[in-house]
Colleague: 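Structure below; questions to follow.
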Amino acid sequence: MSALAQEKEIVVTVETAKQLGLLPEEFEKIKKVLGRTPNFTELSIYSVMWSEHCSYKNSIKWLKTLPREGKNVLAKAGEENAGLVDIGDGLACAFKIESHNHPSAIEPYQGAATGVGGINRDIFTMGARPIAQLNSLRFGDPKSEKTKWLVKGVVKGIGDYGNAFGIPTVGGEVFFDDCYNVNPLVNAMSAGIVKVGETVSATSHGKGNPVYIVGSATGKDGIHGAAFASKDITENSADDLPSVQVGDPFQEKILLEASLEVAKADVLIGMQDMGAAGITCSTSEMSAKGEHGMKIYLDKVPLRQQNMTAWEILLSESQERMLLVVKKGKEKAVEQILDKWDIPYAVIGEVTDTKRLEYYLNGELIADVPAESLVLGGGAPVYTRESKEPAYFSEAKKFSAEKIKEPKDLKEVAKFLITHPNIASKRWVYEQYDSMVGTVNQSTNSPSDAAIVNIKETERALAFKIDCNARYVYADPEKGASIAVSEAARNIVCSGGEPLAITNCLNFGNPYNPEVYWQFVNVIKGMGAACKKFGTPVTGGNVSFYNQSSYEGPVFPTPAIGMLGILDKKNRMTLDFKQEGDLIYLIGEMRDDFSCSEYLYSFHKVKLSPAPYFDLEEEFKVQQAVGSIIKKGLIRSAHDCSDGGLFVTLAESSIHSGKGFDISTDES
Amino acid sequence: MKFGVVIFPGSNCDHDMIYVLRKIMGQEVVELWHKETSLQKCDMIILPGGFSYGDYLRSGAIARFSPIMEKISEFADKGGYVFGVCNGFQIACEAGLLPGALLHNSDRKFHCKNVFIKTQNNHTLITSGIPKDKALKIPIAHGEGNYFNDAESLKQMNENGQILFRYCDEKGNITPEANPNGSIENIAGVCNAKKNVFGMMPHPERASDTELGNTDGKFLFESILSLVQA
Amino acid sequence: MKFKAEINVMPLKALLDPQGKAVTGSMKNIGLPEITNVRIGKHISIEIEAASKEAAQKKAEESCKKLLANPIMEFFEISIEESK
Amino acid sequence: MKFKAEINVMPLKALLDPQGKAVTGSMKNIGLPEITNVRIGKHISIEIEAASKEAAQKKAEESCKKLLANPIMEFFEISIEESK
C-alpha cells in the first residue's frame, strides 16, 4: 500500500488531534473552518501552524501592547520576517533575534549552527545583505561536565557556521547560572542592510505565477511531533528519522548570493525562507499576506530521502531552503541566476485566486485548507493565560543588607569578581568567531561599549548591543525588563550612538504555569515602558516558551534585548583610558545598594534579593547628559557601569589601555 | 595596474580585497567568476580569503578544480603574478602553485585575532616596501593555517629565500609562543621558486583602512604598486 | 596481548552529509561522474592491550560509545586484528 | 555494474597528529588506559559505476590521487566490493 493510500486510510479523531498537540476545542474549530473532519495531512498542517512556535497563541495578545510605531520604522513587528528601520543615506537595516534553545540542548553543535543559519535567512529573505551577527548564550554551572560539553559544542557550531557563511560576529554575551543547567539558551541575532525601496516582501499574488522551492533537498527533518503521533500509522523506523538537523553553511552562502541577485533582478512577487513548519508555513503565510491561494504539487519537491508522505514533505524543517513566487514570464531570468550559483530548484506549483492552499501528491488532492485560517493574525487561536504572583517575589523583599558583613580583605573580593566567569573576558569564546570579515568592525582595535559597524563610504556607522541581566528580571520582571532595555541603550549612548529600535528574544518556562505567565506579563510591561521612554520601538523578535529545567523549575525569565543604534563616526566613543592625568567622572547617583549583584549572589551566596534600585526617568536623564557631553567632544572615553559594579568598570577601561587609575572615596 | 579577484562559491573576503584595491589603493579591479576562463589581461590575480566550497574535505581541495584555475596555472607558469590570501593560499598549495600544505590548527580551534609577522625576504614583489625588521600587526582568521612541508623541500625554500613571513611577537622575536597554529618554523607566508606566486595566511586587506585603526597591511599593497609601476 | 582496531565513524544514513554532497558534486569537475553518493566520516586506528580478541573488541566498543562516536549523529564499525 | 569503495585517508606516519594525541590522552579519563596510539583520519565511502572490479579500483585510485587525498600530508587505502 503506497504511503499516500496509507495516509488516506487514517481515521482522524480528537485523539489524533491530541497526539498532534492540539486541544479538543482547537479540533472543533478546525472542523468548523473546513465544514468537515480534517484528514491526517490537514490535521498535521493545523498542528504545526497553531503550535506555540508559529502562532504565538499564548503571547501575541501581550506582544501587541508593546510600542511598535516609530518615525523610522519601515516594517512593523509581524509584518515581515524581520523588523526594518530607516537608517538614513537611503538605507534601511533589517535585524532580528531568534532562539534555538531546545535543539542545542540535544545536539549543541548542530543546534547552534542551524540557529545561525535560520536567523540569517530571515534577513536576506527581505533582500538585505547580512553585515553583522551577535549571540546571547546562557549555560548552567561552568564546572559541570555537561555544561563544558554544551559550551564547546555551541561555540564551535556558531563559529563554524558563521565563519563559513562569512558574516562577522561583532558582539554578544555569555552568562552562567544553575537555572540553565538542563536547558541552555542560544539566542542568535543578525542585522543586514538594504536600499530603501529594494526590499522583498514575504507575499504572494497574481494568479498563475510560478512557485519555486530553492536550495537544499527536503528530508524527514524536524517532524518528530507529527511523526510520533503517527508512528503506529506510518512505519517510520527510528533510523529513518534524522535525530537532528544538520546545517550546511556553504549551501547557505550560495543561497544568500543567489537570493540577493534574484531580489535585485525585479523578477519576484515575494520570497520567504523556510523555518519552522517548512513548506506549510511559507506557503500559508505568503498566501495569507497576499490574499491569494496556491496549488502545490508535493511530488515536485526535490527529496533527500525516498518514499516521503505528504505530511512529511509539508512539515519537514530541512535547512537552507527558500520559497520564491516569481512573475510569470520571468522564469528564465530566475533560473539563469540559480544555475550560475549551481543551486538546486524546482517549480512546485502556482498562485491561485481562491485564497485556499491545495496540496497535491501524485495528482491527488491530499489537503485543501483556507490560508487565512492557519496564520498568526488570521484564524490561529489567541489565548490569555492565568497569571499568579509567585511566593518568592515577596520573600525576596525580606532581604536586608545589614545582615551582610563587609569582608575584611576587599582585595580578595575584587579578585573573586574580576575572575568570575560571568565577568571575566570572554575572549576564549569570541576568538573562535571571525569578527573582522567584511572589514566593517570598528571595535577590533579600539573597543566601545556597543559593537560599532562601519557603513563604508558614508559618515555613519551602526551600533549593536545584546543585553539582559536575567537575575534582575527574576527578582522583579517589570523592573528587570526596563533595566535590560536601559542597559542596552546606555551601551549605545556610551559609544556615541543614538538608540533607534530593538528586537527581543523572550525566553520563559511553561506558559500554562501561572507564575511563569506572571513573569511574562510583567516583563512586557517593563519593556514597553522603557521602549516608550527611549523612543526605541519593538520591530519584532521571538518568543521561546517551555524552557524548563525539569527538577529546578523554569529557567530565569530571560528577555534578551537586541538594540540597534546609529552614530556619526566623528562621535564614536571608546571605553579605554587614554592619557595619564585625565580626570575620571562618575555620572549618576551612587547608592548603597548591592542587591541582586554578582557580589551578593556569588560571593555571599545570597540567591534571593530584590532587584536593585532603578528609576527610568533618572536613567534617561543620565543618558541624555552623557550623549550631549560626547557630541560636544568633552571626554576621551566612556564606559557603562553594570555587572560587577564600579570596580569592574574601571578595571576594564584600565586593562584595555594598559593605564592604571587612582580613585579616592569619601569616608561616608 | 589591473587586478583580477577570483570569486569562488564560498569566498567571503573577495569584496574586502576589492574595496582595498579599488577604493583605498585606487587601482582597476575586475571580478573573475570561477567558471570563466579569461583572465581579462590582468597584471595580478588575487585568490581571496573565505570558505570556498565550505572548506569541505580540505580547505581549497575542491576550488582548485574550478575552470579558471587551469588558466591561472598557465598564467603563473609564464611568470604572471598570483597572490593567495588565507583560503587563496590553501587553494594555491592544493593546485601545486605553491609548495607545502595547510593542516588543521594544532589545537583544532578557529582563531581570529591580530598577530605579528616579520618579513624574511625584502626582495619580492609584495615585501619590497616593508620597513626592515618591522613586526607587522596583521589579523588572522582560520582553522586550517598550520603550514607544513617535508624537511627536504623546506631546506630548499629557506635557501632560495621563499619564506616571506614568520609569526613573531610584538618586538619581532620569532618564538613558539607567537605561533598561533603550529606552522613549521612559524611560517606565515611563502612564495614559489620563481617568486611570482605568493601566499600568506594573515589578511593584509583587513589592516589597510584607517577607519579600522590599523594600516600595517598597506605596506604589502604599496610594495606591489611601487615595483610594477616603476 | 596487543591488538589493533580499525574503526569507522560515519554520519547516520538519514542525516544530511553536507561534506559528502559537496565532494559528490565535484567528482564531475575531475572527470569522474561515475562516482556518486560520497559519504565522509572518520577513520580511527587504535592499539589495545587486552587478554583476548573478545576483550579487545569490548574495549574498542566502549571507547566508541563513550568518546569516539556521537550516537545522536553517528554509527560506528569496528574490526580487530592481533598486531604482530 | 555498481561497486562500493571504502577508502581510508590517514595522516602520514611522520606527521604529528595533534588530534590523535589529544584523544589518546582522554582515553585515560574515560577509564581505558589500555588504548593507546590513536590516529585519526577520514573514512570515505563512494559508489562507482564501472565495467569490472579492476576498473572500479582504478577509478577509486584516480579520485584519491586527484581529490580525496593530499600526498604531502596523507596516504590512502582502498577496498572495493560489488554492491548487491
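Within every chain, numbering begins at 1; the chains are lettered A, B, ... in the order of the sequence lines, protein sequences first and strands thereafter. Predicted model, so just to flag it, every value in this text is computed and none were measured.
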Colleague: Check whether any side-chain heavy atom of C/Arg39 sits under 4.5 Å from a side-chain heavy atom of D/Ile44, and report yes or no.
Modeller: no
Colleague: With side chain to side chain contact (heavy atoms under 4.5 Å, CB included) as the criterion, how do D/Ile40 and C/Lys42 come out once you've worked through the C-alpha distance, each side chain's angles and the decisive distance to 0.1 Å?
Modeller: CA-CA 7 Å; D/Ile40 300 178; C/Lys42 290 192 271 277; 4.2 Å; yes
Colleague: Who passes side-chain contact (heavy atoms from CB on, under 4.5 Å) against C/Gln57, sequence neighbours left out?
Modeller: C/Glu61, C/Ile78, C/Ile80
Colleague: If the contact rule is any heavy atom under 4.5 Å from chain D, which residues of residues 64-71 of chain C qualify, in numerical order?
Modeller: C/Lys66, C/Leu67, C/Leu68
Colleague: Can you tell me which of D/Pro33, D/Ala60, D/Gly41 forms the most heavy-atom pairs within a distance under 4.5 Å of chain C?
Modeller: D/Gly41
Colleague: Let me know if C/Ile35 has heavy atoms under 4.5 Å from chain D in its side chain, its backbone, both or neither.
Modeller: both
Colleague: Once you round to the nearest 0.5 Å, how far does CE of D/Met27 lie from CD1 of C/Ile46?
Modeller: 5.5 Å
Colleague: Which residues in residues 2-20 of chain D have any heavy atom closer than 4.5 Å to a heavy atom of chain C?
Modeller: D/Lys2, D/Asn8, D/Met10
Colleague: Tell me every residue that passes salt bridge (Lys or Arg N to Asp or Glu O under 4.0 Å) with D/Glu34, counting only those two or more places apart in sequence or in another chain.
Modeller: C/Lys59
Colleague: Measure across D/Ser63 and C/Ile30 and return the closest heavy-atom pair with its distance rounded to 0.1 Å.
Modeller: CA-CD1, 4.5 Å
